[in-house]
Amino acid sequence: MSDKQLLATWKRIIQTHGGAVDPMFSSRCTHLLCESQVSGLFTQAIKERKRCITAHWLNMVLKKLVPPHRALHFPLAFLLGDKPCSQHIISVTGFVNSDRDDLKLMVYLAGAKYMGYLCRSNTILICRE
């Protein structure tokens with residue numbers, strides 16, 4: 001994770017809840033906390049069949065133990081800070097509550113602009129059905 005203060009916070013939370021944090025990737029590791037899939041460490045973890053997760057999953061696990069199953073639970077396919085969708089203006093329809101919030105965050109992370117309503121400048125519309 002690029003934010004060292006956030007990483008330190010997550011280390012404390014994991015340890016408080018009975019988990020162990022190893023500063024170096026090893027065979028003992030069961031999960032790799034990472035933001036992006038663009039790294040040698042991510043590739044190695046996948047080859048070793050480790051679960052690669054994000055802080056979004058850790059946050060959900062604090063409430064209820066579930067396997068990673070939402071898009072935000074998995075590392076981005078691009079480097080955090082890259083903006084592969086910066087030329088797009090995206091609206092969503094048919095999504096409510098946390099689903100809508102997750103989509104807004106994914107739009108932001110991809111570098112697109114979120115528009116809460118439809119207009120001529122929209123380049124992408126994400127529909128639930």
request  = Look up atom CE in M60 and atom CG in L65, then write down how far apart they are to the nearest 0.5 Å.
outcome  = 11.5 Å
Sub-4.5 Å side-chain heavy-atom contact between H73 and R51 = no
task = Report the distance from atom CD of E48 to atom CG of L32, rounding to the nearest 0.5 Å.
result = 10.0 Å
query = Can you tell if the side chain of S98 reaches within under 4.5 Å of the side chain of R70, non-hydrogen atoms only?
reply = yes
request  = Flag the pair I90 / L103 as yes when at least one side-chain heavy-atom distance between them is below 4.5 Å, and no otherwise.
outcome  = no
task = Taking all heavy atoms of R100 and all of Y114, pick out the closest pair and write down the distance.
result = NH2-OH, 3.2 Å
key: Value rounded to 0.5 Å, distance of CD1 in I53 from CG in L58   = 4.0 Å
request  = Would you confirm whether S91, through its side chain, and L125, through its main-chain N or O, come within 3.5 Å as a donor-acceptor pair?
outcome  = no
ask   = So, do S36 and L79 sit near enough that their side-chain heavy atoms are less than 4.5 Å apart?
value = yes
ask   = Just wondering, do R128 and D99 contact through their side chains at under 4.5 Å, heavy atoms?
value = yes
query = Side chains of L72 and L109: closer than 4.5 Å at any heavy-atom pair?
reply = yes
request  = To the nearest 0.5 angstrom, please state how far the CG atom of L41 sits from the SG atom of C52.
outcome  = 8.0 Å
message = Under 4.5 Å between side-chain heavy atoms, counting indirect links through other Ile/Leu/Val/Met/Phe/Trp/Tyr residues: same cluster for I13 and V21 or not?
response = yes
ask   = Is W57 reaching over with its side chain to a backbone N or O of V66, donor-acceptor style, under 3.5 angstrom?
value = yes
inquiry  = Is it the case that the side chain of T123 and the backbone of I89 share a donor-acceptor pair, with hydrogens and angles ignored and the cut-off at 3.5 Å?
reply    = yes
message = In this structure, would V92 and L105 fall into the same cluster of hydrophobic residues linked by side-chain contacts under 4.5 Å?
response = yes
ILVMFWY cluster, F74 and L62 together (side-chain gap under 4.5 Å) = no
task = Check whether L33 and I46 end up in the same hydrophobic cluster, where Ile, Leu, Val, Met, Phe, Trp and Tyr are linked by side-chain heavy atoms less than 4.5 Å apart.
result = no
Side-chain touch N59/W10, heavy atoms, less than 4.5 angstrom = yes
inquiry  = Working to the nearest 0.5 angstrom, can you tell me the gap between C34 SG and K50 NZ?
reply    = 13.5 Å
note = Scanning both residues in full, the closest heavy-atom pair of C119 with M115 reads SG-CE, 4.1 Å
request  = Verify the neighbour count for atom CD of Q87: are there more than 12 heavy atoms of other residues, nucleotides or ligands below 6.0 Å?
outcome  = yes
query = For the hydrophobic clusters of this structure (ILVMFWY residues joined by side-chain heavy atoms under 4.5 Å, transitively), does one cluster hold both I124 and Y108?
reply = yes
ask   = Crowded around K113 NZ? As in, over 12 foreign heavy atoms under 6.0 Å?
value = no
task = Kindly compute the distance separating NE2 (H56) from CG (D102), expressed to the nearest 0.5 Å.
result = 8.0 Å
Heavy-atom closest contact (C29 atom, F25 atom, distance) = SG-CA, 4.0 Å
